[in-house]
Visitor: 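If you scroll down you'll find the structure; I have some questions about it.
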Amino acid sequence: MKRSGSEVGSFRASMQKKFVRYGEKFSRRLGTFLAAQSAIPTTPYIDWHHIPEFKYLIDNTDKIREEVRGILQHREHLPQWHELSSDQRTFKNTRDWKMFMLFGFRNRLNKNCAKAPVTAEMLAKIPGMQTAWFSILGPQSHIKAHKGVTKGILTCHLPLIVPEDRDNIAIRVDNDVLHWKEGEMVILDDTYLHDSWNKSDEERVNLIVHVDRPMRWRGRMLHNFFCWVLKKSSFFKEPRKNMTDFEDHFEAVTMRANETLEKMSTSGNK
């Protein structure tokens, strides 16, 4: 017997809930196994020296900051974080959290990377790099507490632009609060509950990089398989398409701006 549209919709919603429920159970068990397989500490915060390639980013903080300042000239055209995927609707009420993606799920966004070539070149040399973007958190904003998907990935922050009011700009992972300082890399295990805030009157900008956790071979194999499965799911298909759309839009905006400046310059020289 043929089902009505409402019945099909209810069935899909029911299956999606089951998928999420069982997925969460599997993710918790996977996290326990990956933690046991980790070749580095599984603490909320992790010393960046465990991934020595990050030194290139740290040593070139000034160059990366210069590139992001160019991008921020068109900040009004940058997408809000929750616009990347419907799965990010948790952050829809975040006052002002924008992003500029460079690499997504190991895929290089060439047009965006062309806006930050020095940064992109260094990122490409980091082993196990999954995703990288500039995170722009506006004044009086709070990113509510949340957890990451897998223990197999580490979240790394390089603060680039930090307001002078440092006491009111921080991240809390588990029960440990840390205040940002420009050029000081912070690596965290985002499977711990964490939130971040900017209670100052200026924006805060970090370079965020997701990298594979260094693990023994069994953990690495299972993690790679888990990532492969996720990338085949709708969980990744929507944000991948949105990233491309946002990239094309930003490219068009900057091209029009450059053409306008060129015309003004030509007109002024006549």
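When reading the values below, keep in mind they use all heavy atoms of this one structure, side chains included, and skip hydrogens, waters and symmetry mates.
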Visitor: Do T155 and D190 get their side chains close enough for a donor-acceptor pair, meaning under 3.5 Å?
Guide: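 A pair is found: one side chain offers a donor N or O, the other an acceptor, under 3.5 Å apart.
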Visitor: Passes ring pair (Phe, Tyr, Trp, His ring centres under 6.0 Å), W180 versus H157? Steps please.
Guide: CA-CA 9 Å; W180 305 113; H157 288 252; 4.9 Å; yes
Visitor: Decide yes or no for S135 and R204: does some side-chain heavy atom of the first lie under 4.5 Å from some side-chain heavy atom of the second?
Guide: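 When only atoms from C-beta onward are counted, R204 and S135 do touch, with a gap below 4.5 Å.
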Visitor: Under the salt bridge (Lys or Arg N to Asp or Glu O under 4.0 Å) rule, what do D195 and R172 come out as? Steps first, then yes or no, please.
Guide: CA-CA 5 Å; D195 64 334; R172 174 172 48 216; 2.8 Å; yes
Visitor: Rounded to the nearest 0.5 Å, what's the gap from CD on E53 to CE on M129? Could you check?
Guide: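 E53 atom CD to M129 atom CE measures 12.0 Å (nearest 0.5 Å).
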Visitor: Under the side chain to side chain contact (heavy atoms under 4.5 Å, CB included) criterion, do V209 and L207 qualify, and how do the steps go?
Guide: CA-CA 7 Å; V209 188; L207 172 64; 4.1 Å; yes
Visitor: Has D189 got a side-chain atom pairing as donor or acceptor with T191's backbone, closer than 3.5 angstrom?
Guide: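 It does hold such a pair.
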Visitor: If you count every heavy atom of other residues, nucleotides or ligands that lies below 6.0 Å from E202 atom CD, does the total exceed 12?
Guide: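 Enclosed: over 12 neighbouring heavy atoms sit under 6.0 Å from CD of E202.
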Visitor: Does the gap between the ring centers of F100 and F250 come in under 6.0 Å?
Guide: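 Aromatic pair counts; centres sit under 6.0 Å.
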Visitor: Would you say N198 and E203 are linked by a side-chain donor-acceptor pair, where the criterion is simply a distance under 3.5 Å?
Guide: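 Distance-only check fails for E203 and N198.
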Visitor: Decide if atom NZ of K63 counts as having more than 12 heavy atoms of other residues, nucleotides or ligands within a radius under 6.0 Å.
Guide: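 No, not enclosed.
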Visitor: Taking side chain as C-beta onward, heavy atoms only, is M101 less than 4.5 Å from E247?
Guide: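 A side-chain contact under 4.5 Å is absent here.
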Visitor: Checking E251 side chain against N112 main chain: does a donor-acceptor pair fall under 3.5 Å?
Guide: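 Answer holds: no.
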Visitor: Got a second to check how far R166's CZ is from E182's CD, nearest 0.5 Å?
Guide: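 Interatomic distance, R166 CZ to E182 CD, rounded to 0.5 Å: 9.0 Å.
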Visitor: Is it the case that atom CD in E164 sees more than 12 heavy atoms from other parts of the structure closer than 6.0 Å?
Guide: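 It does not: E164 CD has 12 such atoms or fewer within range.
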Visitor: Can you tell me if D212 and H223 form a side-chain donor-acceptor pair at under 3.5 Å?
Guide: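 Yes, a side-chain donor-acceptor pair sits under 3.5 Å.
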Visitor: Report the distance from atom CG of N107 to atom OG1 of T131, rounding to the nearest 0.5 Å.
Guide: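 Those atoms lie 9.0 Å apart.
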Visitor: Restricting to ring-ring contact (aromatic ring centres under 6.0 Å, His included), what partner residues turn up for W133, sequence neighbours left out?
Guide: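 W81, H210.
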Visitor: Can you tell me which residue pairs pass the ring pair (Phe, Tyr, Trp, His ring centres under 6.0 Å) test with a partner in residues 181-203, sequence neighbours excluded?
Guide: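 For residues 181-203: H146-H194.
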Visitor: When the ring planes of F225 and W228 are compared, do they come out parallel, tilted or perpendicular, using 30° and 60° as the limits?
Guide: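 Ring orientation of F225 relative to W228: parallel.
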Visitor: Can you confirm whether L158 sits close enough to I64 that some side-chain heavy atom of one is under 4.5 Å from a side-chain heavy atom of the other?
Guide: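 They are in contact (side-chain heavy atoms under 4.5 Å apart), so the answer is yes.
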Visitor: Please assess S141 against W97 for the test side-chain hydrogen bond (donor to acceptor under 3.5 Å, both in side chains), listing each intermediate value before the final yes or no.
Guide: CA-CA 8 Å; S141 297; W97 184 20; over 6 Å; no
Visitor: Show the numbers, then the answer: is there a side chain to side chain contact (heavy atoms under 4.5 Å, CB included) between L72 and I161?
Guide: CA-CA 11 Å; L72 291 173; I161 300 174; 3.9 Å; yes
